[in-house]
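No experiment lies behind these values; they were computed from the predicted model shown. Numbering of ligands and ligand atoms starts at 1, following listing order.
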Amino acid sequence: MLLTFEQAKQKILQEALTAKPLAREKVSLHDALKRISAEPIISPINVPGFNNSAMDGYAVRLSDIPTSKVLPQAGTVLAGDDISDLNWPNGTCLRIMTGAPVPAEADAVVMQEETEKTPAGILFLNDIKMGNNIRRVGEDVKKDSVVFPQGKQLTIPTLSTLATLGISELVVFKKLRVALFSTGNELTPIGQPIANSGAIYDSNRFTLILLLTQLNCEIIDLGIIPDDPMKIKQALETAASQADLIITSGGVSVGDADYTKTALEELGEINFWKIAMKPGKPFAFGKIGHALFCGLPGNPVSTLVTFYQLVQPLILALSTHNQATLIPLSFKVKTATPLKKSIGRLDFQRGILQTDINGELEVATTGKQGSHITQSFNYANCFIVLEQHRGDIKKGELVTVEPFNALLK
Ligand code: AMP
Ligand code: MG
């Protein structure tokens, strides 16, 4: 069965919708970076908590201004002052600093730069608008309002807002537990001498660990499993008993040592897919017990592309219980270089999005695009997404680009 990329992605996300939600835990704000809120966050206070000044300047009543453009200064209010006993006579102004509470009778704060000190008092040089430079109570966040919904990833700005609200702990979803292993008799762990002339380093497991760390998953690393159906089956059983999601690399194609299929058929519901995408045609997806399973192709570029395009949205959907924000940012630009493309699959070529001498955006290829050319990613900052039906592309044609998100940075 040859699926289009969109069909495969939809099938994967569909599974995420029906998966059991992750358990919850309470964490301190200090430990909450990148975690996902498990309940709506309600503000306990107004922010600002009181009307305050946006400028260093002078608080005035507008009713005093038509009579005189010069008002004597009655006193000074600093940030942090308590103004409950403030005495502010009519016909005067108050010196006031940024962040200081503004008395209820004040109509505006005039910035210092629009005034002059005279022997008779402060001279107001320009017209004064009602409400100017007063930051209103609750203008940023209203007390009892929902600040963030369930399923919001807690970024630095998000946590900064929560700190402003005085929130010091919150309920988040537990991290998604992801078990992974590489398959292949040819694989040597990095850090060890290469095993023999047919061996290669197990770069995929290392890459996958970095990707899963970036996505804030709890990683269960089951190492390298040789091409042996029994050993693969055992590893899958171990993985399924401990994880919400199992990821493997290699062994999902049609080669003589591609045993993942045999092992899986006995254990769970597995679909072996051929997806009309390049790189990354062979891809296995399914379930073993409660754990979802993604079998990625072994070629390093295919592993990275299928992880980015298919596994990343799955992990986000499983972690947030939300598919709303999963459409990647993309737009069309001219290609500065011809692009080689065969008709029949959706290509995710690696490109460099840049500005030409006229200030227009353009994209250039990173060169050779084979699924073993790991270098094709190294200077890339976007995917060039070439539709299934297109063939070779000439310089100057419009192509769709998808800038890399934070996962590849
Ligand atoms: P496979 O998907 O198992 O048929 O492997 C496809 C290609 O990817 C072969 O050239 C493998 O040697 C290579 N490969 C498989 N697993 C890894 C890995 N963990 N790291 C680097 N290359 C791999
Ligand atoms: Mg293999």
Derivation and outcome, salt bridge (Lys or Arg N to Asp or Glu O under 4.0 Å), residues Lys334 and Glu360: CA-CA 9 Å; Lys334 279 186 186 163; Glu360 305 278 336; over 6 Å; no
Pair listing, ring-ring contact (aromatic ring centres under 6.0 Å, His included) test, anchored in residues 177-208, at least two apart: none
Residues, nucleotides or ligands: over 12 heavy atoms within 6.0 Å of Lys174 NZ: no
Polar side chain donor-acceptor pair, Gln349 to Asp347, under 3.5 angstrom: yes
Side-chain donor-acceptor pair present, Arg350, Ser376, cut-off under 3.5 Å: yes
Under a 3.5 Å threshold, I'd like every N/O contact between ligand 1 and protein atoms, with atom names and distance.
unit_1	atom_1	unit_2	atom_2	d
ligand 1	2 (O)	Gly298	N	2.9
ligand 1	3 (O)	Gly251	N	2.9
ligand 1	8 (O)	Gly298	O	3.2
ligand 1	8 (O)	Asn299	N	3.1
ligand 1	12 (O)	Glu186	OE2	2.6
ligand 1	14 (N)	Gly298	O	3.3
ligand 1	19 (N)	Asp202	OD1	2.8
ligand 1	20 (N)	Ser203	N	3.3
ligand 1	20 (N)	Asn204	N	3.3

Geometric class of the Phe383/Phe404 ring pair [parallel <30°, tilted 30-60°, perpendicular >60°]: perpendicular
